[in-house]
Novice: 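My questions all concern the structure below.
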Amino acid sequence: MDDLLALAVDVATEAAELVRRRRREGVEVAATKSSPVDVVTEVDRASERLIFERLMAARPGDGFLGEEGASAESTSGVVWVVDPIDGTVNFLYGLPHYAVSIAAAVDGEPVAGVVVNVQTGECFTATRGGGAFLDGVPLRVGDDGDRPLGQRLVATGFNYVSRIKVLQTTAVSALLHEVRDIRRMGAAALDLCSVAAGRVDAYVEEGLNAWDVAAGGLVATEAGARLETRAGVGGTDCWLCAPEAGFEAFADLVGRAGFLRPEGPTSGGE
Ligand code: LIP
């Protein structure tokens, strides 16, 4: 796993440099995906191409699952799960909060992961059973995870599909009264790393894809947080992440606020 992580860090660092340089050169929307506001830029595609070429050259038998469509079957048992720019809308607007996210998964479970914040250069890493780190310094969620709900800072996000976004908006407005405050930062991978770093107390969002959560989720769980999916009110998986201590209280609040479909839990995690 350490070899997988070392390779992922090298490639993510190189991709982050490409994204930083291209940001300076100016960015345009290349196409839209699930809705008119779900955009992709030529830089998302260039970052994914670079990551795909580097990883496949280094480990030809590995599989690949990339947000922008790059893919490869695995004969080695390892599959790379990649978000070439997580936080694309922030990237498009020049809001300095987006990341390159690369995870190596075995049997669908992340075993090594890196999230590089492109503008700050912060590098979050984790290996399964090996802990989580920020720039090489160990990360551990605060043990005051069970602080009163009213004192918790919660990160969340909204789907590109307006039908789901409307449901999320209603749930967030109900949640807002019950917690310290909300943060909508725009990049799920960095939201999960923020839980790991104690920069927020919890995170909830429906409708994320594997590439949004693979690496950041491993950083969060290796830092001591719990990451689970429950049936979302919009009909897709709703992701919940919070320190173990206090997780159930947070999940209960998320349910009462309307983020979840009454039927209850689906498959756990990735
Ligand atoms: C984004 C996620 C964010 C979510 C957005 C989008 P992208 O990923 O990081 O949390 O709210 O809807 O899914 O599209 O920038 O890779």
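All heavy atoms count here, side chains included; hydrogens, waters and symmetry mates do not.
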Novice: So does R45 pair up with E48, basic N to acidic O under 4.0 Å?
Specialist: no
Novice: Say whether, by atom type as modelled, one donor and one acceptor occur between the side chain of E206 and the main chain of T236 under 3.5 angstrom.
Specialist: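 It does hold such a pair.
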Novice: Is there a donor-acceptor pair under 3.5 Å between the side chain of D135 and the backbone N or O of E122?
Specialist: no
Novice: Does any part of the side chain of W239, heavy atoms only, come nearer than 4.5 Å to the side chain of L192, both counted from C-beta?
Specialist: no
Novice: How long is the span from the CH2 atom in W80 to the CE atom in M56, to the nearest 0.5 Å?
Specialist: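 The CH2 atom of W80 sits 8.0 Å away from the CE atom of M56.
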Novice: Using side-chain heavy atoms (C-beta onward) and a distance below 4.5 Å, is T125 in contact with V114?
Specialist: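 SC-SC contact between T125 and V114 confirmed.
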Novice: Got a donor-acceptor contact below 3.5 angstrom from the N159 side chain to the V161 backbone?
Specialist: yes
Novice: Is any side-chain heavy atom of E178 closer than 4.5 Å to one of L149?
Specialist: no
Novice: Is the backbone N or O of A155 less than 3.5 Å from a side-chain atom of D191, with the two atoms forming a donor-acceptor pair by type?
Specialist: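 No, D191 side chain to A155 backbone: no donor-acceptor pair under 3.5 Å.
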Novice: Please round to the nearest 0.5 Å and tell me the distance separating atom CZ of R20 and atom CD of Q119.
Specialist: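 Result: 6.5 Å between the selected atoms.
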Novice: Checking side-chain polar atoms at under 3.5 Å, does T41 have a donor or acceptor matched by the opposite partner on D44?
Specialist: yes
Novice: Determine whether more than 12 heavy atoms belonging to other residues, nucleotides or ligands lie under 6.0 Å from atom CG of D181.
Specialist: yes
Novice: Do side-chain atoms of E67 reach the backbone of W211 as a donor and acceptor pair under 3.5 angstrom?
Specialist: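 A pair under 3.5 Å: no.
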Novice: Quick check on side-chain contact (heavy atoms from CB on, under 4.5 Å): which of V204, V200, T156 does I182 satisfy it with?
Specialist: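 Running side-chain contact (heavy atoms from CB on, under 4.5 Å) over V204, V200, T156 with I182 returns exactly one hit, T156.
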Novice: Does CD in E73 sit with more than 12 non-hydrogen atoms of other residues, nucleotides or ligands closer than 6.0 Å?
Specialist: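 Not more than 12 within 6.0 Å, no.
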Novice: Which residues pass the side chain to side chain contact (heavy atoms under 4.5 Å, CB included) test with A202, not counting sequence neighbours?
Specialist: V154, A242, F250
Novice: Checking the side chain of D86 only, and the main-chain atoms of V100 only, is there a donor and an acceptor separated by less than 3.5 Å?
Specialist: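 Checking the backbone N and O of V100 against the side chain of D86, no donor-acceptor pair under 3.5 Å is found.
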Novice: Under 4.5 Å between any side-chain heavy atoms of L139 and F124, yes or no?
Specialist: yes
Novice: For F91, is there any backbone N or O sitting under 3.5 Å from a side-chain donor or acceptor partner on R23?
Specialist: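 Here the side-chain-to-backbone pair exists.
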Novice: Side-chain contact test, heavy atoms from C-beta onward, threshold under 4.5 Å: evaluate it for L55 versus L7 and give yes or no.
Specialist: yes
Novice: Please check: side-chain N/O of S35 versus main-chain N/O of Y160, any donor-acceptor pairing under 3.5 Å?
Specialist: yes
Novice: Answer yes when E53 and R49 have at least one side-chain N-carboxylate O distance shorter than 4.0 Å, and no when they do not.
Specialist: no
Novice: Is there a donor-acceptor pair under 3.5 Å between the side chain of D237 and the backbone N or O of L208?
Specialist: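 Absent.
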Novice: Donor-acceptor pair, S47 side chain versus A15 backbone, under 3.5 Å?
Specialist: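 Not a single qualifying donor-acceptor pair exists.
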Novice: Does V43 belong to the same Ile/Leu/Val/Met/Phe/Trp/Tyr cluster as V89, with side-chain heavy atoms less than 4.5 Å apart forming each link?
Specialist: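 The answer is yes; both residues are in one hydrophobic cluster.
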